[in-house]
A.B. asks: 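Please read through the structure below; I'll follow up with questions.
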Protein chains: 2
Amino acid sequence: MLTPRYFFANDFKQFYSYFLTQPHKKRFFRKGEFLWESGEPFQRIHYIISGAAQNYMEHENGHRKIISFHGEGTVFPGYHQHDYKIEQSLITTAVSDMNVLEFTKEQFRQMFETNPQLSANIVDWYSTYVNRLLYETAHQEYNSSLTRLCNLLYLLTGNETDHPDLYIDMTQDDLSDLLGISRIHVTRGLSQLREQEIILTRRKQIEIRDLPALTEYCSLETL
Amino acid sequence: MLTPRYFFANDFKQFYSYFLTQPHKKRFFRKGEFLWESGEPFQRIHYIISGAAQNYMEHENGHRKIISFHGEGTVFPGYHQHDYKIEQSLITTAVSDMNVLEFTKEQFRQMFETNPQLSANIVDWYSTYVNRLLYETAHQEYNSSLTRLCNLLYLLTGNETDHPDLYIDMTQDDLSDLLGISRIHVTRGLSQLREQEIILTRRKQIEIRDLPALTEYCSLETL
DNA sequence: CGACTCATTGACGTAGCTCAAGGTATGTGG
DNA sequence: CCACATACCTTGAGCTACGTCAATGAGTCG
């Protein structure tokens, strides 16, 4: 039973060697560079060999919403044919140096049409993406800011694995942009958790000290 | 350039005759019946011949979030293989009497794997669904309640077509559940628009009298 | 006619926002 | 290696948009 994910990785790893046999371009992006710029329609699709990217949207009033992270062994953005207005506000940047395989929409279409395993995988990827968005739209929206924060921290530990990652390397600004809660309010929530010795906060990092206690604050839907 | 949609219809119409040739079950649902019940894992997929369904989610604290409507000539839910926890809180009910073709996941998988046009269409459907969810998560979230309301009304007129539908047949409760805003606040927003003679309100219906004036209240992303 | 369901308006409370000021790591250039 | 700039974090104070509660009105249906 899958829970929402903010970080996508390794869900296309099995196609790496196949991708290499198909027409593509090898590219390198330095940390901070754009893979997909604001205002540009969606045109190229990347298979990520190493490094990670962040996908976010800029609101006309200046707010920034981080939607997802994409790391090694995954493909972003999801392949499709339509053009959506909202894509003009989407931005993808490298959060670390990246090596990728770059495909045009047309090249990817070729593969989609001739490789049934690939097309099945793309649909699964979409369903995972939908799941993450549904979680936010239909669940998180109704939670208090503290619950939302705790849910996010819990999910970022990669709860599904046997080895939860207890160090979340992210600024409070990023958490705020992921949650759609003001940075100051995020700080207040974290302070509260810190007082209860559930977490430790430091520069660009949250350390989870007491995962069971954290889950006490999470909504049922999250666990 | 596509804008978000809340109402899905006719995007699988071209497969109707194909679907009829494939293994399926014809079913009839009376208004109010469940196509997919709460707690039940996702198992069956419906092609809608006539009538319409509503897909919503129930939050553990009692809130109800309407996600989308699905009418004639479309398929719901989207085909996929994984099981997501959140699906246990999803509910689909008939909002009018419905005639559908019902497929099991397995039957649909067969079609997905053997009909490339169908699989391409499924991916396009997913991208449209993602677009609607992104719109809400990354855009509406940052708008004031009045802007959100106006955006929704505008989108519900079916703005893309040449013949906008100026009568929105929906209770204020439904609008509130679509927007994630309290019913009372929805009423207040509507009152404001009514005072400016942009809309007329009546039982289970909003009539748009002045569409251009309405768009003045919409966010840029919506138009 | 009575019993729903749906819509409206007022009064009031509060979660979360913004503004403001200050504190503490980290990195850079002289 | 120091000092200075910058990025990041913390806390307080006050405001406001939106939520809840409560009372009433207005269609609709059996």
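Proteins come first, then strands; the chains are lettered A, B, ... in the order of their sequence lines, and each starts at number 1. Since this is a predicted model, take the numbers as computed values, not measurements. Values below: every heavy atom of this structure, side chains too, minus hydrogens, waters and symmetry copies.
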A.B. asks: Along DNA chain D, 5' to 3', what are the outermost nucleotides having an atom less than 4.0 Å from a heavy atom of chain B?
C.D. replies: dC18(D) to dT28(D)
A.B. asks: Can you give each donor-acceptor pair under 3.5 Å made by side-chain atoms of residues 180-190 of chain B, sequence neighbours left out, with the distance rounded to 0.1 Å?
C.D. replies:
from: Ser182(B); atom 1: OG; to: His185(B); atom 2: N; distance (Å): 3.2
from: Thr187(B); atom 1: OG1; to: Gln172(B); atom 2: OE1; distance (Å): 2.7
from: Thr187(B); atom 1: OG1; to: Arg183(B); atom 2: O; distance (Å): 3.2

A.B. asks: Nearest whole Å is fine: how far is dC17(C) C1' from Leu146(A) CG?
C.D. replies: 17 Å
A.B. asks: What residues, two or more places apart in sequence or in another chain, satisfy side chain to side chain contact (heavy atoms under 4.5 Å, CB included) together with Arg64(B)?
C.D. replies: Gln54(B), Tyr56(B), Ile66(B), Asp174(B), Asp177(B)
A.B. asks: Taking salt bridge (charged side-chain N to carboxylate O under 4.0 Å, His left out) as the definition, give me every residue that meets it alongside Asp83(A), ordered by chain and number, with sequence neighbours left out.
C.D. replies: Lys105(A)
A.B. asks: Dump every N/O contact between nucleotides 6-10 of chain C and the protein below 3.5 Å, one line per pair.
C.D. replies:
from: dC6(C); atom 1: O4'; to: Arg203(B); atom 2: NH2; distance (Å): 3.3
from: dA7(C); atom 1: OP1; to: Lys204(B); atom 2: N; distance (Å): 3.1
from: dA7(C); atom 1: OP2; to: Gln172(B); atom 2: N; distance (Å): 2.9
from: dT8(C); atom 1: OP1; to: Arg194(B); atom 2: NH2; distance (Å): 3.0
from: dT8(C); atom 1: OP1; to: Thr201(B); atom 2: OG1; distance (Å): 2.7
from: dT8(C); atom 1: OP2; to: Gln172(B); atom 2: OE1; distance (Å): 3.3
from: dT8(C); atom 1: OP2; to: Gln172(B); atom 2: NE2; distance (Å): 2.4
from: dT9(C); atom 1: OP2; to: Ser191(B); atom 2: OG; distance (Å): 3.1
from: dG10(C); atom 1: N7; to: Arg188(B); atom 2: NH1; distance (Å): 3.3
from: dG10(C); atom 1: O6; to: Arg188(B); atom 2: NH2; distance (Å): 3.3

A.B. asks: According to salt bridge (charged side-chain N to carboxylate O under 4.0 Å, His left out), who are the partners of Glu141(A), at least two apart in sequence or on a separate chain?
C.D. replies: Lys65(B), Arg148(B)
A.B. asks: Over how many whole Å does the gap from His185(B) atom NE2 to dA15(C) atom P extend?
C.D. replies: 17 Å
A.B. asks: Excluding sequence neighbours, so at least two apart, what forms side-chain hydrogen bond (donor to acceptor under 3.5 Å, both in side chains) with Thr215(B)?
C.D. replies: none
A.B. asks: On a heavy-atom basis, which atom in Trp36(A) and which in Pro77(A) lie closest, and how many Å separate them?
C.D. replies: CZ3-CG, 3.7 Å
A.B. asks: So Ser145(A), base contact, sugar-phosphate only, or nothing? Heavy-atom distance under 4.0 Å.
C.D. replies: sugar-phosphate
A.B. asks: Ring pair (Phe, Tyr, Trp, His ring centres under 6.0 Å) with Phe19(A): which residues, sequence neighbours excluded?
C.D. replies: Tyr47(A), Phe103(A)
A.B. asks: Please name all residues satisfying ring pair (Phe, Tyr, Trp, His ring centres under 6.0 Å) with Tyr135(A), sequence neighbours left out, ordered by chain then number.
C.D. replies: His139(A)
A.B. asks: Can you list everything that forms a ring pair (Phe, Tyr, Trp, His ring centres under 6.0 Å) with Phe69(A)? Sequence neighbours excluded, please.
C.D. replies: none
A.B. asks: Mind checking ring pair (Phe, Tyr, Trp, His ring centres under 6.0 Å) for Tyr129(B) and listing every partner two or more places apart, or none if nothing turns up?
C.D. replies: Phe8(B), Trp125(B)
A.B. asks: When the axes are fitted on five pairs at both termini, how much does the helix from dC1(C)-dG30(D) to dG30(C)-dC1(D) curve, in 10° steps?
C.D. replies: 40°
